[in-house]
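Here's the structure, in structure tokens; my notes come after.
What you are looking at is a predicted structure, and each value in this text was computed from that prediction instead of being measured. Here is the naming used below: chain letters follow the sequence lines, and residue numbers restart at 1 for every chain.
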Protein chains: 2
Amino acid sequence: MEPLSMEPLSPDMFHPACPSGAMPIRIGDKWAAMVIVCLEQGPRRFSELRVPMHVATPKVLTQTLRALERDGMITRTIHAEVPPRVEYELTSLGRSLLDLIAAGRRWADEHLPSLLAARNSYAERTGVVGGGGSVSTGP
Amino acid sequence: MEPLSMEPLSPDMFHPACPSGAMPIRIGDKWAAMVIVCLEQGPRRFSELRVPMHVATPKVLTQTLRALERDGMITRTIHAEVPPRVEYELTSLGRSLLDLIAAGRRWADEHLPSLLAARNSYAERTGVVGGGGSVSTGP
DNA sequence: CTGTATCCATGCTGATACTG
DNA sequence: CAGTATCAGCATGGATACAG
């Protein structure tokens, strides 16, 4: 099912402003969607995931992984070796979210500029820079 | 574009556990998706929206409406009458989220039971009832 | 009717440091 | 390598009461 060779994850796979508290669409908690996307091509190790998600601390990454595991989205496999190796992999339930994530990305590509324009316009009318409400700028 | 007559919104339009901090999919802030669904058939007044969303305080409802207005999802129209009347209506940008919301609902119908099963199984294995991670029960 | 004001509880998130 | 522990900060969300 996977490509012949699995590419390493790029450090700049995600835009620095992703997630920026911006996108009106959220899958799971703040980092869950990014993890799911990272696992799309096949199983990954903790340290592999840290590369594209270097803006998240290990604690936060662990929390995200545990929540996803608890909800049946990913599996966690410990290989009893030295050095220790742990692999995370999407379940079919986890894969079922990929379509939704793709739909969210498509919405953002198409409509996020309109949203940002509305926000700027509103800020001018009210003179307020406005905190983060429900949506904002995305990658 | 609207039906010939617009039905009043039902007080039990939403399941009491909606949103229960459960659903893995969130549109905007906690209440935004519910407001958007309420406005699907046409403009509604503040007090109309309070009926199905009686679990949210007026402050929270106002916050949600303001955020949606700021982001260009809805318009707010004040009718200078006595008694005062204010109507909220979806913009085309707001309507663009309806498809996404529908997709989220379909996902929940199809996969939420699996998620809850996984969560129960995990709770048994670990003996922990586990707080709200990223997902949970939905309407 | 349509909101505002104030105060408070919670929880997510993060920085920093340490361990099997 | 793969986490865990501890502490702290800020935003969100909510109860209650009041106002234009």
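Rounding to whole angstrom units, CE of residue B/Met53 and C1' of C/dT2 are separated by 16 Å. The NE2 atom of A/His54 sits 13 Å away from the P atom of C/dA15 (whole-angstrom rounding). The separation between B/Gln63 atom CD and D/dG13 atom P is 8 Å, rounded to whole Å. Taking atom CG on A/Leu61 and atom C1' on D/dT4, their separation rounds to 13 Å, with Å as the unit. The distance from atom CZ of A/Phe46 to atom C1' of C/dG20 is 14 Å, rounded to the nearest whole Å. Spacing between atom CD of B/Glu87 and atom P of C/dT2 amounts to 9 Å, rounded to whole angstrom units. Between B/Lys30 atom NZ and D/dA11 atom C1' there is a gap of 14 Å when expressed in whole angstrom units. If you measure from atom CD of A/Glu81 to atom P of D/dA2, you get 10 Å, rounded to the nearest angstrom.
Nearest nucleotide to the B/Arg26 side chain, out of D/dG14, D/dG13, C/dT4: D/dG13. Of the listed nucleotides (D/dC1, D/dA15, D/dG13), D/dC1 has the atom at the smallest distance from the side chain of A/Pro84. In the set C/dC1, D/dG13, C/dG14, the nucleotide with an atom closest to the side chain of B/Pro83 is C/dC1. Comparing atom distances between the A/Arg76 side chain and each of D/dG13, C/dT4, D/dG3 picks out D/dG3 as nearest.
Taking 4.0 angstrom as the limit, A/Lys59 places none of its side-chain polar atoms (N or O) nearer than this to OP1 or OP2 of D/dA2. Between A/Arg45 and D/dC1 there is no side-chain polar atom (N or O) within less than 4.0 angstrom of OP1 or OP2. Residue A/Ser47 has a polar side-chain atom (N or O) positioned under 4.0 Å from OP1 or OP2 of D/dA2. Taking only side-chain nitrogens and oxygens, B/Arg50 never comes nearer than 4.0 Å to OP1 or OP2 of C/dC1.
Residues A/Ser121 and A/Arg125 have side chains that bring a donor and an acceptor to within less than 3.5 angstrom of each other.
For the residue pair B/Pro43 and B/Glu48, the shortest heavy atom distance occurs at O-OE1, 4.3 Å.
Looking only at side-chain heavy atoms (C-beta outward), A/Met34 and A/Met13 stay at 4.5 Å or farther from each other.
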